[in-house]
*Asks:* 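Dropping a structure here in structure tokens format, bear with me for questions.
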Amino acid sequence: MEKIVSLSKRRGFIFQSSEVYGGLNGFWDYGPLGAELKRNIKECWWRSMTQLRDDVVGLEASIIMHPRIWEASGHTSTFSDLMVDCLLTKKRFRADQVEPQSGIAYFYTGATESTQGKESKDAFSVLVPRGKPPESARYAARNFYQQRGLENPVLLGERSEPVENTIRYNPENGSLLTEPRPFNLMLKTYVGPVESADNVAYLRPETAQAIFAQFKNVLEVSRQKVPFGIAQVGKAFRNEINPRNFTFRSREFEQMELEFFIRPDEAVEAIHGSVAKPAAAGHPGEPQPNWGWQIWHQYWVEERLRFYENIGLPRNSLVEYWQKADELAHYARATVDILYKFPFSKRDDKGELMGEELEGVAARSDFDLSQHQRFAGKPMTVFDEELKTAWSKLSAEKQSELSERYFQARAKYLTKAGEPAEKAEKLGRADADLLAKGYYVPHVIEPSAGVDRLALALICNAYCEDQAPDDKGKLESRVVMKLHPRIAPTKVAVFPLLKNKPELVKKAKEVRDLLRSHMTVFYDEAGAIGRRYRRQDEAGTPYGVTVDFETLGEQGPDLKDTVTLRDRDAMTQERVRISELRALLSAKIR
Ligand code: GAP
């Protein structure tokens, strides 16, 4: 990671935010290459999720939204992590991320200060590894009481006991931690000039909620019918307690989220007689009208894995992690986390990298739209003509079976959402009646990815050190960023062989201009050609075009108007006609 962080800064992929002022923890800036890389990631995602599909449309919503949205989504009440502070250094940790430790715990009831007549009755405790003398605990404890104003504290009531697998102490210095306290991760602000409770608003912690809040508007204008999706790319903000691992956990980041709305299984069964479920592992193929939520979920997991492979993350660097029942959000039916094996990931018993989350693909039932329906008091149901027609043709027995199942699911949601049993029963029955008339709240599958995490994964994956010949053919070590041509910041570098030959320079600039409106081109005439290649290798530029004397026709008419095309990874060079260059490169980077 050190090499990657250093290259990111040296070559202008990623800088620390506000670096001239010492930086700001959890915030990052993308330099010239990083900005292009991020744009390419977002464009690839947008293109594959919306432009190449008939059933997904886009949205670009505001970052600050009505605060009731966050009440409905559950972020106001539950988007909080339990956190603990170190009593000595004040460093903050997520309670569930403190590593369990064992050792001897030393306890103190307080301390006195004889010269000033001061005392502190604050209890304190320190954990030291077995075999270490008690003096290190006393040193830390004196430090604690000095921070409470006792210049030369005398410790009181020392006692010790062995402890096993405790998470009450700071793993870095053994100091006692505070009791876990909830900490809301949303960044608060005020809308308008008055900083009053009425004007509180939040920077969105995810882009997803705007999609749910605008669901009806998008449905109306887009002429889509369920199943269909709404995609959004944009900034999200979380006041992370412990930003870490370079950009992996930041306080400001970008998400790429799709909410894909589907029929409830009861509606699918009413229309098609049965619900198709996953038959085998892997991609289930082209979407079919009789798909239930499970197969739609599998479809999106597989689509997303294909996406990552298509931009250069090999399948064996990714992990498909199925959340266990006790890890699932209460409304989720299934969630698959797509993990990438970052260099900082933990290792399993066999020493294999376990991976860290790049994206979550969640089957969220009809929870989100139902919440907004209740909180905003506006229907989020859709009318499904096919369902209405099919329902009227079902036997009374089938109608009542499906109706009962739908009622049970709705009543369960309403009860969990806090509605009293009687009301949940009444509303659930009303929802089941609506289903029979062709109305329902769509269910949703949500593939939710992070742009910054993906950029970091691509950078980690691309970093390579190998050997390449210098100008005299001698092998030297090189750093090369093997970024996939689809996401590489610069697609092609154009070089005149020599800077001081006006004909070469003129021709090279012509080639640059020929390519420029079709791809990102970098023109470089400074230094030996080998050095120029090396610079582009570090920047991840997949192709290099050199204009030489053959191009000018000095080696005969056959080679006139040809250039050498160098491949960054294979380091091969081929001669290509300038007239064919644009089409050839366009095909390689598409
Ligand atoms: N709407 C669902 C949602 O927001 P999430 O798992 O909290 O789910 C989705 O976030 C993705 O957003 C993650 O998989 C990750 O790629 C990215 N993400 C979340 N928190 C992040 C952070 N603090 N820094 C960088 N990326 C983050």
Side-chain angles (χ1 to χ4, degrees), residues 14 17 24-28 30 38 41-42 45 59 61 63 65 69-70 72-75 78-81 83 94 97 183-187 202-213 215 229-260 300-301 304-305 307-308 313 318-321 323 327-332 334-340 342 344-345 355-365 367-369 371-372 444-460:
I14 303 172
S17 162
L24 186 61
N25 197 9
F27 295 88
W28 300 95
Y30 288 80
K38 263 188 101 174
I41 291 172
K42 289 186 277 184
W45 186 90
L59 178 73
I63 285 173
M65 295 183 282
I69 286 187
W70 308 115
S73 68
H75 284 83
T78 61
F79 194 57
S80 49
D81 283 329
M83 52 110 201
R94 253 174 63 178
Q97 286 178 351
F183 175 82
N184 197 297
L185 296 182
M186 281 198 293
L187 276 128
Y202 300 95
L203 305 190
R204 66 182 176 200
E206 61 173 23
T207 57
Q209 290 307 318
I211 298 180
F212 298 122
F215 169 73
I230 306 176
Q232 180 169 215
V233 177
K235 289 269 187 184
F237 301 81
R238 296 183 190 176
N239 207 356
E240 295 285 357
I241 294 156
N242 198 2
R244 69 199 154 91
N245 287 332
F246 201 17
T247 57
F248 181 82
R249 192 173 298 286
S250 311
R251 289 180 165 141
E252 175 178 337
F253 54 97
E254 273 185 285
Q255 288 186 316
M256 307 181 284
E257 295 198 293
L258 168 70
E259 302 302 331
F260 195 82
W300 278 112
V301 171
R304 299 301 305 138
L305 286 167
F307 170 81
Y308 290 119
L313 293 183
L318 301 167
V319 178
E320 180 183 326
Y321 176 77
Q323 286 191 9
E327 295 169 315
L328 286 175
H330 67 87
Y331 47 78
T335 299
V336 169
D337 290 335
I338 298 177
L339 317 179
Y340 173 75
F342 285 100
F344 50 77
S345 307
E356 300 283 339
E357 183 184 326
L358 270 189
E359 164 160 2
V361 186
R364 295 172 67 102
S365 68
F367 173 79
D368 304 275
L369 286 179
Q371 284 291 94
H372 289 298
V444 74
I445 308 290
E446 178 196 71
S448 168
V451 182
D452 309 79
R453 283 194 189 172
L454 179 50
L456 185 58
L458 290 164
I459 288 175
C460 291

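In listed order, ligands and their atoms are each counted from 1.
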*Asks:* Could you check, using the six-membered ring where one of them is a Trp, whether Phe246 and Trp28 have ring centers closer than 6.0 angstrom?
*Replies:* yes
*Asks:* For Glu359, which part has a heavy atom under 4.0 Å from ligand 1: side chain, backbone, both, or neither?
*Replies:* backbone
*Asks:* For atom 6 (O) of ligand 1, state which one of Arg453, Glu206, Glu357 supplies the nearest heavy atom.
*Replies:*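 The option holding the nearest heavy atom is Glu357.
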*Asks:* Which option wins on minimum heavy-atom distance to atom 20 (N) of ligand 1: His75, Arg238, Glu257?
*Replies:*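 That would be Arg238.
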*Asks:* Does the residue Leu358 have a heavy-atom contact with ligand 1, meaning some pair of atoms that are separated by less than 4.0 Å?
*Replies:*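 Contact check Leu358 vs ligand 1: positive.
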*Asks:* Tell me whether Glu356 is salt-bridged to Arg453, with the criterion being a basic N under 4.0 Å from an acidic carboxylate O.
*Replies:* no
*Asks:* Going by atom types only, do Asn242 and Gln97 share a side-chain donor-acceptor pair under 3.5 Å?
*Replies:* no
*Asks:* Run the numbers for me: atoms of ligand 1, each under 4.0 Å from some heavy atom of Ser250, listed by number.
*Replies:* 22 (C), 23 (N), 24 (N), 25 (C)
*Asks:* Heavy-atom pairs closer than 4.0 Å: do any link ligand 1 to the side chain of Ala208, the backbone, both, or neither?
*Replies:*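 Under 4.0 Å from ligand 1, Ala208 contributes side-chain atoms alone.
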*Asks:* Would you call Arg364-Glu446 a salt bridge at under 4.0 Å N-O?
*Replies:* yes
*Asks:* Glu446: heavy atom below 4.0 Å from ligand 1, yes or no?
*Replies:* yes
*Asks:* For the residue pair Phe367 and Tyr331, does the interplanar ring angle fall in the parallel (under 30°), tilted (30 to 60°) or perpendicular (over 60°) class?
*Replies:* parallel
*Asks:* Which is closest to atom 27 (C) of ligand 1 by heavy-atom distance: Phe253, Phe237, Phe212, Tyr340?
*Replies:* Phe253
*Asks:* Can a side-chain donor-acceptor contact be found between Tyr340 and Glu359 if the only test is distance below 3.5 angstrom?
*Replies:* no
